[in-house]
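Notes to accompany the following structure.
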Amino acid sequence: MSIVYLNGEFMPKGEASISVDDRGFLLSDGVYEVTPFYGGVGFCLDRHLVRLERSLRELGILFDTEGLTEVHHRLVAENRLENEIRALVYLQVTRGVAPRTHYFPVEPVRPTVYAFAKPWERPPEDEWSQGFTAITVPDERWLRVDIKTISLLANALAFQAARDAGADDALLVRNGVAIEGAHQNFFAVFDGTLVTHPESNLILPGITRNVVLELAGECGIRVEQRPICVGELFDADELFFTGTTGEVRPCVQVDGESIGSGLPGNVTVALSQAFLNLVQETKEGVAAVG
Ligand code: PDD
């Protein structure tokens with residue numbers, strides 16, 4: 001049975017329990033992070049923890065994140081994931097346990113901290129190289145999706161709509177703009193220029209998104225951060241999503257219409273390779289330090 005972390009203790013998952021009065025359970029009053037580990041090495045863990053601190057601050061949840069790096073590493077070790085090609089640590093912090101009210105607990109309560117680790121797999125190369133399909137779905141989320149809250153119902157409904165339609169991904173659309181995926185950021189390539197929605201309250205500031213923007217700079221790819229209209233999608237040469245569990249994920253069809261050549265394009269392939277190279281360098285860097 002997997003070993004999980006709950007409020008300062010590591011324990012078998014079956015022994016972990018939380019109160020029915022937890023505000024995460026009753027009100028979705030909490031935040032989370034998902035951090036990738038490659039061969040037991042955390043990738044951008046510091047950036048994930050900085051984003052977690054911001055999410056906590058935005059919701060006014062008082063919690064000191066010191067010690068969480070150690071929790072991540074110990075979870076990977078306890079679950080024998082050091083040699084897994086890909087694993088992830090999910091961590092959530094809720095405001096804590098208190099009688100249900102719409103206002104915050106008057107007396108300070110201890111936040112609930114829960115984390116687990118598990119392996120995950122990238123799609124096989126032959127699937128990736130064919131690309132993935134998406135449908136557009138109205139973005140019905142709230143207006144602060146820059147905060148990584150555990151309130152993911154609109155994301156889940158959108159992703160389910162895509163699955164029900166036989167598509168691989170959902171592309172969320174608000175006011176005629178292709179915003180991001182249900183759990184991934186979104187990029188388009190027009191005439192060699194990489195375009196993605198700017199950081200705002202309407203997108204999650206994805207860690208993978210930022211890494212890919214940095215890599216694009218290093219590869220000499222022109223970058224523009226601006227909204228992408230739905231009407232423009234079918235003029236794009238390439239589309240792709242980015243995210244912790246999708247890495248760089250080519251999107252070759254939207255609402256049944258082919259994009260570009262109908263296969264992952266050069267920019268997508270180059271950025272995916274640059275991303276995988278960076279992962280490899282990060283692993284080797286940690287191995288060299290000892
Ligand atoms: N999802 N946009 C949304 C709405 C997300 O939920 C995520 C991540 C991203 C990509 O962010 P990052 O590159 O930091 O993983 C973009 C996580 C993985 C999840 O909910 O499982």
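Remember, predicted model here, so these are calculated numbers, not experimental data. We count ligands from 1, going down the list as the structure has it; atoms in each ligand are counted the same way. Sequential numbering from 1 along the given sequence is applied to the chain's residues.
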Shortest protein heavy-atom distance from [atom], along with the residue and atom involved:
atom: atom 17 (C) of ligand 1; answer: Lys148 NZ, 3.4 Å
atom: atom 13 (O) of ligand 1; answer: Thr208 OG1, 2.6 Å
atom: atom 21 (O) of ligand 1; answer: Val34 CG2, 3.7 Å

*Please state whether the rings of Tyr38 and Phe275 are parallel, tilted or perpendicular, taking 30° and 60° as the class boundaries.*
perpendicular
*Interatomic spacing from CG in Asp146 to CG in Asn201 - rounded to 0.5 Å*: 6.0 Å
Considering only heavy atoms of [X], which atoms of ligand 1 have at least one such atom less than 4.0 Å away?
X: Glu180; result: 2 (N), 3 (C), 4 (C), 16 (C)
X: Asn185; result: 10 (C), 16 (C)
X: Arg51; result: 11 (O), 14 (O)
X: Gly206; result: 11 (O), 12 (P), 13 (O), 14 (O)
X: Ala182; result: 4 (C)

_Quick check on salt bridge (charged side-chain N to carboxylate O under 4.0 Å, His left out): which of Arg47, Arg54, Arg51 does Glu33 satisfy it with?_
Arg51
Check: [X] N/O within less than 3.5 Å of ligand 1 N/O:
X: Ile207; answer: yes
X: Thr242; answer: no
X: Tyr32; answer: yes

*Has Arg141 got any heavy atom lying under 4.0 angstrom from an atom of ligand 1?*
yes
*Between His183 and Phe241, ring centroids under 6.0 Å*: no
*Any side-chain donor-acceptor pair under 3.5 Å between Asp126 and Gln130?*
no
*Hey, does the Lys NZ or Arg CZ of Arg74 hover above the aromatic six-ring of Phe10, less than 6.0 Å from the centre and inside 45° of the axis?*
yes
